[in-house]
Amino acid sequence: MQLEEYKAIHSRPKNNGTKKLFDNPVLEYLSRTHISVPITMWLTLSAFLGWYAFTYTDMTPGRIAGLFATGLFVFTIFEYVLHRYLYHLAPTTPQRAKIQYTFHGVHHEYPKDKTRLAMPPALAILVAGAFFGLFFMLMGEAAYAFFPGFMVGYTGYLSVHFIVHAYPPPKNFFKQLWINHSIHHYKNPESNYGVSSPVWDYIFNSFQK
């Protein structure tokens, strides 16, 4: 896929249907998920790690709460950076174009495909394990409180993303997030990278009304 094809896909999203990514049926099956699966997984893991932090570490409740809030905040910038610089990787070579399409381009071409609104669990478990290992290496037992905040942030992102793509504009506080992300998909894919929050788009001047 070259740059022209990349631009074409982003200019003509299909509002129904799906796209087969892999010839191997196992890989194709593993590339999809129902949104309830990752949300349940990550909330359960977050609750367990939070319980572990309270029960088996020497951290005070105040420190645990602070680390949880920090993890939640850090996820917002992580979401923005990941979406802008990896999911919208410039397809300057065929290899980069293939990576971009597999990771995110297929979602822009078929934004209503509910089976591809979240990272598939098989891959997500590996990624989550790597991140927890990194955080534990950097901060020790504090990771037991920080990582749940990070993952609750991710769960919030998944929930907002699903609401935007699966339902008509809601008549509540999600409406503005629905509008922001719809602009990203249907008006300008190089804007409004924040799904769960527009804060970093304002800060980095990538917000569009």
Side-chain angles (χ1 to χ4, degrees), residues 29-88 103-104 107 114-167 170 172-174 176-178 180-181 192-204 206:
Y29 175 79
L30 292 176
S31 73
R32 303 174 184 271
T33 185
H34 189 281
I35 193 66
S36 64
V37 175
I39 287 178
T40 301
M41 284 171 49
W42 304 133
L43 288 180
T44 301
L45 176 63
S46 297
F48 170 77
L49 291 175
W51 167 82
Y52 188 94
F54 276 106
T55 308
Y56 292 105
T57 72
D58 295 327
M59 292 185 289
T60 64
R63 187 178 182 216
I64 291 172
L67 285 165
F68 180 92
T70 302
L72 196 62
F73 172 77
V74 169
F75 177 79
T76 64
I77 183 63
F78 175 80
E79 173 196 325
Y80 178 88
V81 170
L82 184 74
H83 191 183
R84 181 169 186 173
Y85 296 107
L86 178 60
Y87 287 176
H88 284 266
F103 276 17
H104 196 61
H107 169 56
K114 295 180 183 179
T115 68
R116 288 206 170 105
L117 293 179
M119 185 182 295
L123 176 60
I125 289 170
L126 296 176
V127 173
F131 271 102
F132 179 77
L134 175 63
F135 294 147
F136 191 84
M137 183 176 65
L138 293 174
M139 61 183 70
E141 69 175 12
Y144 291 115
F146 176 89
F147 194 61
F150 190 86
M151 294 309 293
V152 167
Y154 178 55
T155 303
Y157 154 80
L158 290 178
S159 301
V160 172
H161 196 226
F162 185 79
I163 288 169
V164 168
H165 288 289
Y167 299 106
N172 53 37
F173 63 92
F174 284 113
Q176 192 56 53
L177 295 176
W178 191 100
N180 292 346
H181 196 56
N192 298 15
Y193 297 101
V195 177
S196 62
S197 169
V199 169
W200 298 107
D201 283 298
Y202 283 115
I203 291 173
F204 295 115
S206 56

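In what follows, every heavy atom counts, from backbone to side chain, and hydrogens, waters and symmetry copies are set aside. Along the sequence shown, residues are numbered consecutively beginning with 1.
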Worksheet item: Rounded to the nearest 0.5 Å, what separation is found between the CD1 atom of Ile163 and the NE2 atom of His181?
Response: 12.0 Å
Worksheet item: Looking at CD1 of Ile77 and OG of Ser197, how far apart are the two atoms once the value is rounded to the nearest 0.5 Å?
Response: 10.0 Å
Discussion item. Can you confirm whether Val152 sits close enough to Phe75 that some side-chain heavy atom of one is under 4.5 Å from a side-chain heavy atom of the other?
Written reply: no
Worksheet item: Given the side-chain rings of His161 and His83, with only the six-membered ring counted for Trp, is the space between their centroids under 6.0 Å?
Response: no
Practice prompt. Give, for atom OG1 of Thr44 and atom CE of Met151, the distance between the pair rounded to the nearest 0.5 Å.
Written response: 11.0 Å
Worksheet item: Which heavy-atom pair separates Val160 from Val195 by the least distance, and what is that distance?
Response: CG1-O, 3.5 Å
Worksheet item: Of all heavy-atom pairs between Ile35 and Ala118, which one has the smallest distance, and what is that distance?
Response: CD1-CB, 3.8 Å
Worksheet item: Yes or no on side-chain contact (heavy atoms from CB on, under 4.5 Å) for Phe131 and Val127, after CA distance, side-chain angles and deciding distance?
Response: CA-CA 6 Å; Phe131 271 102; Val127 173; 3.6 Å; yes
Worksheet item: Where is the tightest heavy-atom contact between Pro121 and Val37, given as atom of each residue plus distance?
Response: CG-CG1, 3.7 Å
Practice prompt. Give a yes or no answer on whether the side chain of Asp201 reaches the backbone of Gly194 with a donor-acceptor pair at less than 3.5 Å.
Written response: yes
Discussion item. So His107 and Leu117, do their side chains get closer than 4.5 Å, heavy atoms only?
Written reply: yes
Discussion item. Ring-plane angle category for Phe146 and Phe150, please: parallel below 30°, perpendicular beyond 60°, tilted otherwise.
Written reply: parallel
Discussion item. Are Tyr144 and Phe132, when compared by the centres of their aromatic rings, separated by less than 6.0 Å?
Written reply: yes
Worksheet item: Considering only heavy atoms from C-beta outward, does the side chain of His165 approach that of Lys114 to under 4.5 Å?
Response: no
Fill in: CE on Met41 to CD1 on Ile39, rounded to 0.5 Å
11.5 Å
Practice prompt. Flag the pair Val81 / Trp200 as yes when at least one side-chain heavy-atom distance between them is below 4.5 Å, and no otherwise.
Written response: no
Worksheet entry | Whether Trp178 side chain and Tyr167 backbone form a donor-acceptor pair below 3.5 Å | yes
Worksheet item: Should Leu72 and Pro148 count as side-chain neighbours, where that means a heavy-atom distance under 4.5 Å?
Response: no
Response to the item:
Between the OH atom in Tyr202 and the CG atom in Asn192, the distance rounded to the nearest 0.5 Å is 8.5 Å
Item to complete: Given side-chain contact (heavy atoms from CB on, under 4.5 Å), test Trp42 with Leu158 step by step and report yes or no.
Response: CA-CA 10 Å; Trp42 304 133; Leu158 290 178; 4.2 Å; yes
Worksheet item: Rounded to the nearest 0.5 Å, what separation is found between the NE2 atom of His34 and the CZ atom of Phe162?
Response: 6.0 Å
Item to complete: Please confirm whether Tyr193 and Phe204 have ring centers closer than 6.0 angstrom.
Response: no
Worksheet item: What's the shortest heavy-atom distance between Ala124 and Met119, and which atoms?
Response: CA-SD, 3.5 Å
Item to complete: Decide side-chain contact (heavy atoms from CB on, under 4.5 Å) for Met59 and Leu67; before the verdict, give the C-alpha distance in whole Å, the side-chain angles of both, and the deciding distance to 0.1 Å.
Response: CA-CA 10 Å; Met59 292 185 289; Leu67 285 165; 3.6 Å; yes
Fill in: Ring centroid separation Phe54 to Trp51 under 6.0 Å
no
Item to complete: Identify the heavy atoms of Pro198 and Leu177 that sit nearest to each other, and give their distance.
Response: CD-CD2, 4.2 Å
Fill in: Between Tyr157 and Phe78, ring centroids under 6.0 Å
no
Practice prompt. Check the pair Phe147 / Leu45 against side-chain contact (heavy atoms from CB on, under 4.5 Å), numbers first and verdict last.
Written response: CA-CA 10 Å; Phe147 194 61; Leu45 176 63; 4.0 Å; yes
